[in-house]
Student: 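Pasting a structure below so you can have a look.
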2 protein chains.
Amino acid sequence: MVRLKDIAARAGVSIMTVSKALRDEPDVSDATKTRMKLLAREMGYVPDSTAQGLRNRTTKLFGLVIPSLANPIFARLVLAIQERAHELGYDVLLGYTLHNPEREETCIRRFLSRRVDGLFLSPVYRLETEARVYQELLARKTPAVILGHTAPFCSQFANVATDDLTAGHVLTQHLVQLGHKRIAFLGGPPATPWTRERFEGYRRALRQAGLEVDEKLIFQAGRTAEDGAKAAVQMINEGSDATAIQAVNDLVAAGCAEVLLRQSVKIPEDISVVGFGNSMLSEYFRVPLTTMNQPKHRLGAAAVDSMLQLLRGNRPEAKRLTAQLVIRASSGTPPATSVLERLKTLRT
Amino acid sequence: MVRLKDIAARAGVSIMTVSKALRDEPDVSDATKTRMKLLAREMGYVPDSTAQGLRNRTTKLFGLVIPSLANPIFARLVLAIQERAHELGYDVLLGYTLHNPEREETCIRRFLSRRVDGLFLSPVYRLETEARVYQELLARKTPAVILGHTAPFCSQFANVATDDLTAGHVLTQHLVQLGHKRIAFLGGPPATPWTRERFEGYRRALRQAGLEVDEKLIFQAGRTAEDGAKAAVQMINEGSDATAIQAVNDLVAAGCAEVLLRQSVKIPEDISVVGFGNSMLSEYFRVPLTTMNQPKHRLGAAAVDSMLQLLRGNRPEAKRLTAQLVIRASSGTPPATSVLERLKTLRT
DNA sequence: AGCAGCAGTTTAATGGTTTCCATAAATGTC
DNA sequence: GACATTTATGGAAACCATTAAACTGCTGCT
């Protein structure tokens, strides 16, 4: 491995001269500069970022902590962040929490130990109002941008999120306008702000339409296709009278719809199903899903912008980006009577 | 930020004592060790990996260079590699080539500059027999594992790949057994070994069945859904007499099938369509796709194993993992006459 | 003479670890 | 019991690759 001193020895100058020449500092003659650069290239010199980082106290490294790549939304988000970071000369360390707080903590600590210049965090949401790592991040003044909504334990941080409240509202409104009066809601983990906001949007849209929010129509599903499938089974067993299902994300919607289709329930003729996110899944799903498009690329770009603000010492404002309704084949006018009810009576 | 010297000053001992104590070196008494550890925890000490890396000449860092996360197969592969690496105490730097050789080169160089302990590379395949960066990697003896097949320009490297030849063969055989005689092949970029192998498997299966390989049935698509869609349009325009379509991956298959379905072509009654990879897309696609399951998790684990071998100074053997046929709804017995032909005559 | 500017060099610092050395206690030897 | 030898414990200096800051001659200008 070639080092500065090797070049210096070979050229018969001091290490500093080489260092300055390669970095185009002013007090080296142009002749020397070109000579050093040529020599460096010829010898295959690659600067050691490790040493540079130690000396300069900056690593040009970001840490990116996400639940996993199982959710396709994150794949796009990571792509966007990575893309902008790369342009700016930053590299990105990837870490998975797998929705596990301990795991999240070890990831963050490792990244701190690597002296990352900043952290992008998709937090594992908890009900507690405090989380030690997050407290420490604040104490250390580590630049950090929350990918998603803040919660009490991370309220002090900069963040970038989808306006899930409005988005949930728009989606429910869409179903209401189609004539649905009994709309089921499949929620995600209760501690997550995105579930809460999307639910609140749903609630408000119903209220606005003069419809009651019925506890029997609220299901706690989760975030995976399996969770959606389970919820579907439960709805069938209960003989729910819903004519439409609003799922907290595309995966849950797909898992739910899959079960219904297997029971020969027709979508959207018998029941409407809508998702959230506009992942590739929703586009190519058996019945293309009506959904809200999460502005994945814009979220990533905005997150990097906020990070740059933090690095400059400014306090970026919280950003909320709007999602767009994407109407596909899975939503339509309600049937005369709920199909799930019929399914139940058929069985008994 | 707390450093060793701060702890040393506070405890009234030398830096070395603290360093050794924290690392459980033998020549420090247990009493001192616990005292130092307590103090370190209390003061919130986080070791500086940058400095450790500089001194120890090892960073516990892997570089992972992939085309992008647009292909869901890579999301799983990255997850698997990351998972094993994390357990072993390594962190992972992620870089995207976007199928661009220059971009690939800058990614690799950056990672080299960061003194990564090893590289996982999903190469941008080229027809040239040499690529400078890869030559340099060899010269520097950087531990590197190719994710996928080797090509002439990277034949010297360790690699981990799916046995695409056999897999392609199995898939075509499946269609032949269903009774298909006119099977179209939608290839990916010609320079890629995976296209070549899957095609070769297709060719051999046809030969074995006594069927001819007809140039008119070979299409050069690409790797995205859009590429698949274009190929479908071309097939329709040409009035192809194919009764089955074997696509080089799930995305191409989905894009192609989507166009056909829009033309009211029924899958699999009118035409069979099979993909490759068993991504989530194939499972939830409008017509669940028959496909080959790429052992994504095992590929990742095998790649990390090879890397560990390299780090120990051994030369790992090349690994080829077998894919499994996953039969879903998109493949069936052929129709009496090709539908695409009929579509064409209908139009004219 | 005094001062600015050029083209470098020397020194010190970044934070931690390896290698070698120093001290004292424990053990061994006759 | 006196001395050598070993062992336990800890410290000093060098080192990893790079860079900021201060410094050294030297030339040219006023």
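Letters A, B, ... mirror the listed sequences (proteins, then strands); counts begin at 1.
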Student: Give one of base, sugar-phosphate or nothing for T50(B), where a contact means two heavy atoms less than 4.0 Å apart.
Tutor: nothing
Student: When the distance from CE of M1(B) to C1' of dG15(C) is rounded to whole Å, what number comes out?
Tutor: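 Taking atom C1' of dG15(C) as the reference, CE of M1(B) is at 12 Å.
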Student: CZ of R57(B) versus C1' of dG15(C): gap in Å, rounded?
Tutor: 16 Å
Student: Just distance, no hydrogens or angles: give the donor-acceptor pairs under 3.5 Å from side chains in residues 309-317 of chain A, sequence neighbours left out.
Tutor:
| from | atom 1 | to | atom 2 | distance (Å) |
| --- | --- | --- | --- | --- |
| Q309(A) | OE1 | N314(A) | ND2 | 3.0 |

Student: For a quick test of reading the model, state the closest non-hydrogen atom pair linking R114(A) to T59(B) and the distance between them.
Tutor: NH1-O, 2.9 Å
Student: Rounded to whole Å, please give me the gap between NZ in K5(A) and C1' in dC16(D).
Tutor: 9 Å
Student: Give the table of side-chain donor-acceptor pairs shorter than 3.5 Å for residues 153-161 of chain B, with sequence neighbours excluded, one pair per line with atom names and distance.
Tutor:
| from | atom 1 | to | atom 2 | distance (Å) |
| --- | --- | --- | --- | --- |
| S155(B) | OG | P152(B) | O | 3.3 |
| N159(B) | ND2 | G148(B) | O | 2.9 |

Student: Of all residues at least two apart in sequence or in a different chain, which pass the side chain to side chain donor-acceptor pair (under 3.5 Å) check with E136(A)?
Tutor: R109(A)
Student: Among R110(A), R126(A), R132(A), exactly one meets salt bridge (Lys or Arg N to Asp or Glu O under 4.0 Å) together with E104(A). Which residue is that?
Tutor: R126(A)
Student: Holding to salt bridge (Lys or Arg N to Asp or Glu O under 4.0 Å), I want the full list of residues that pass it with D117(A), two or more places apart in sequence or in another chain.
Tutor: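 D117(A) satisfies salt bridge (Lys or Arg N to Asp or Glu O under 4.0 Å) with no other residue.
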Student: Kindly check if the number of other-residue, nucleotide or ligand heavy atoms within 6.0 Å of CZ (R10(A)) is above 12?
Tutor: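 Counting other residues, nucleotides and ligands, CZ of R10(A) stays at 12 neighbours or fewer.
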Student: Check the distance between dC16(D)'s P and D48(B)'s CG and give it to me in whole angstrom.
Tutor: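 Atom-to-atom, D48(B) to dC16(D), this comes out as 18 Å.
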Student: Do you see a donor-acceptor pair shorter than 3.5 Å between the side chains of K319(A) and S306(A)?
Tutor: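 The criterion, which ignores hydrogens and geometry beyond distance, is satisfied for S306(A) and K319(A).
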Student: Among residues 34-42 of chain B, which ones have heavy-atom contacts with DNA chain C below 4.0 Å?
Tutor: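 Residues of residues 34-42 of chain B under 4.0 Å from DNA chain C: none.
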Student: Please give, in whole Å, the distance from dT18(C) P to L22(B) CG?
Tutor: 13 Å
Student: Should T97(A) and V65(A) count as side-chain neighbours, where that means a heavy-atom distance under 4.5 Å?
Tutor: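 Sidechains of V65(A) and T97(A): in contact.
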Student: When we call it a touch if two heavy atoms are under 4.0 Å apart, what does S29(B) touch: a base, just sugar-phosphate, or nothing?
Tutor: sugar-phosphate
Student: Answer with base, sugar-phosphate or nothing: what part of the nucleic acid does P47(A) contact at a heavy-atom distance below 4.0 Å?
Tutor: sugar-phosphate
Student: Rounded off to whole Å, could you give me the CG-to-P distance for the D24(A) and dA7(C) pair?
Tutor: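 Taking CG of D24(A) and P of dA7(C), I get 14 Å after rounding.
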Student: Need to verify one output field. Residue with the more 5' nearest nucleotide on DNA chain D, A51(A) or S14(B)?
Tutor: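 Between the two, 5'-proximity favours S14(B).
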Student: Along nucleotides 19-27 of chain D, 5' to 3', which nucleotides get a B, which get an S, and which get a -, given that the test is a protein heavy-atom distance under 4.0 Å?
Tutor: BB-B-----
Student: Calculate the interatomic distance between R3(B) atom CZ and dT17(C) atom P; express it in whole Å.
Tutor: 14 Å
